[in-house]
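Labels below follow one simple rule: chain letters A, B, ... track the order of the sequence lines, proteins then strands, and each chain is numbered from 1.
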There are 2 protein chains.
Amino acid sequence: MPPLAGHPAAPRRGRPDYDQETVLRRAIDLFSRQGYHATSMGDLARELSLTKSSIYHHIRSKEDLLETALNEALDNLGAVLDRAEAHRTGSAYQKLCDAVEDSIEVLIAHLPSVTLLLRVQGISMVEQDALRRRRKIDDRLVTLVRAAAAEGALRDDLDPYLISRLLFGMVNSLAEWVRPNSRYDARQLTTAVATIVFDGLRAPGPGIG
Amino acid sequence: MPPLAGHPAAPRRGRPDYDQETVLRRAIDLFSRQGYHATSMGDLARELSLTKSSIYHHIRSKEDLLETALNEALDNLGAVLDRAEAHRTGSAYQKLCDAVEDSIEVLIAHLPSVTLLLRVQGISMVEQDALRRRRKIDDRLVTLVRAAAAEGALRDDLDPYLISRLLFGMVNSLAEWVRPNSRYDARQLTTAVATIVFDGLRAPGPGIG
DNA sequence: GTCTATATCCTGATAGAC
DNA sequence: GTCTATCAGGATATAGAC
């Protein structure tokens, strides 16, 4: 593909780093599909129809691309919690529902970067920093679950920590198979997750009991 | 660490490939922690207190280690479905519950290899083959869910495919944080997953409604 | 802004001494 | 069974012409 359809010589009107953004987008996309470590700058060059060296006119290093991607994901997920926690009206349960819903929306809207974040496990500084930030977010989610449990909205026979891990484990698992133009949109996915997790799969009504 | 405690010159009594097994175990462990592509044979050599070249006395190639690991995971997960499907007595719902429970047990018992499998996304033959085998397993799980839904055991307002993805997404998410000697054993995790997914998180009894 | 050419290092893997 | 020495290829990144 050429550098995104219809912009072979697009002037810089209000968008000073269009090409840098293109390289970043394609890189994140490729990384999220093949894995960061399994993707070489040669792979990225082929994807961009450029030579390896040309890429370095737009970016500083491969690791820089990763760092930018991870920060994008972390910023957006952090914002989800900012919003949920800011709701001073509404129960903790409601805040938790909001967090679940918004997390799914962010995951869908920023699928490649969030996917990349969820697969980070390396030992480089960039990866370690991302893991630290992610752990803080996870802690805030546990706090949200704990508050909803303390409120009496959630069943009390399960550890809030465990609930949080499993609940957002299900949410995050969406990144492994949801694709753009999927048969499910964010609303359907949100409904499905919320229904299963809060109401359960068992058929309601005069059921098995 | 030396080559596993207390076996510096362990004779081959009934175990013809002890050292090969040791290399494999350490490799899978390292791969599952750092990622296969992010782990070099140099890293593995350091972990084994060997030189790179010495490793090749025990194994054929790095990719062979990966293939063996993925097949271990796939064989065990496939066996879970063999067992579940073989239960000719019992409802489809019961078979599904068994599959969930057994999957979690296999995931815990073979944590490194299953973790590795769940993170496969590469383009090499070995990875593609593993993805194909995994897709077949996923299909069998969907079939199990579909049967339970057709039976009327599961709520009918959610697509069985979607249910299966989310249910086993939650199960598989255990690989991302469960560790040996965790505060939760397989039984507790199974109970928690089954409780959340089948009964839901909402507090039971004279509740919110 | 892209190219060719190159530097430097690291990768997986092999040969052969001990 | 482990070692040293080595290989060919590929990795990220840079220099400088156009």
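- Look at B:S54 and you won't find any side-chain N or O under 4.0 angstrom from OP1 or OP2 of D:dG1.
- Neither OP1 nor OP2 of C:dT11 sits under 4.0 Å from any side-chain N or O of B:H37.
- The listed nucleotides are C:dG12, D:dA5, C:dC3; the one nearest the side chain of B:S53 is D:dA5.
- Note: CG (B:L66) to C1' (C:dG12) measures 14 Å, nearest angstrom.
- When rounded to the nearest whole Å, the span between CG of B:D64 and C1' of C:dA13 equals 13 Å.
- When each of C:dT14, C:dT2, D:dT12 is scored by its nearest atom to the side-chain atoms of A:M41, the top-ranked nucleotide is D:dT12.
- Atom CD in A:Q20 sits about 13 Å away from atom P in C:dT2, given to the nearest Å.
- An OP1 or OP2 oxygen of D:dA13 is reached within less than 4.0 angstrom by a side-chain nitrogen or oxygen of A:Y56.
- Looking at A:E72 and A:S113, their side chains do bring a donor and an acceptor atom within 3.5 Å of each other.
- Each of C:dC3, C:dT11, D:dT4 was ranked by its minimum atom distance to the side chain of A:T51; first place goes to C:dC3.
- Spacing between atom CD1 of A:I55 and atom C1' of C:dG1 amounts to 13 Å, rounded to whole angstrom units.
- Candidate nucleotides C:dG1, C:dA13, D:dA13 were compared by shortest atom distance to the side chain of B:K62, and C:dA13 ranks first.
- Remark: P of C:dC3 and NZ of A:K52 are 13 Å apart, rounded to the nearest angstrom.
- Between A:D98 and A:K95 no salt bridge is recorded (no basic side-chain N to carboxylate O distance below 4.0 Å).
- Atom CG in A:L44 sits about 12 Å away from atom P in D:dA13, given to the nearest Å.
- Atom CZ in B:R60 sits about 17 Å away from atom P in C:dG12, given to the nearest Å.
- Side chain of B:L50, nearest nucleotide from D:dA13, C:dA5, D:dC3: D:dC3.
- A sub-4.0 Å separation between OP1 or OP2 of C:dG1 and a side-chain N or O of A:H57 is present.
- In terms of the side-chain hydrogen bond (donor to acceptor under 3.5 Å, both in side chains) criterion, A:E67 has no residue partners (sequence neighbours excluded).
- A:R179 meets the salt bridge (charged side-chain N to carboxylate O under 4.0 Å, His left out) test with no other residue; sequence neighbours excluded.
- Side-chain atoms of A:S173 and A:E176 include no donor-acceptor pair closer than 3.5 Å.
- In this structure, A:D43 atom CG and D:dA11 atom P are separated by 7 Å, rounded to whole Å.
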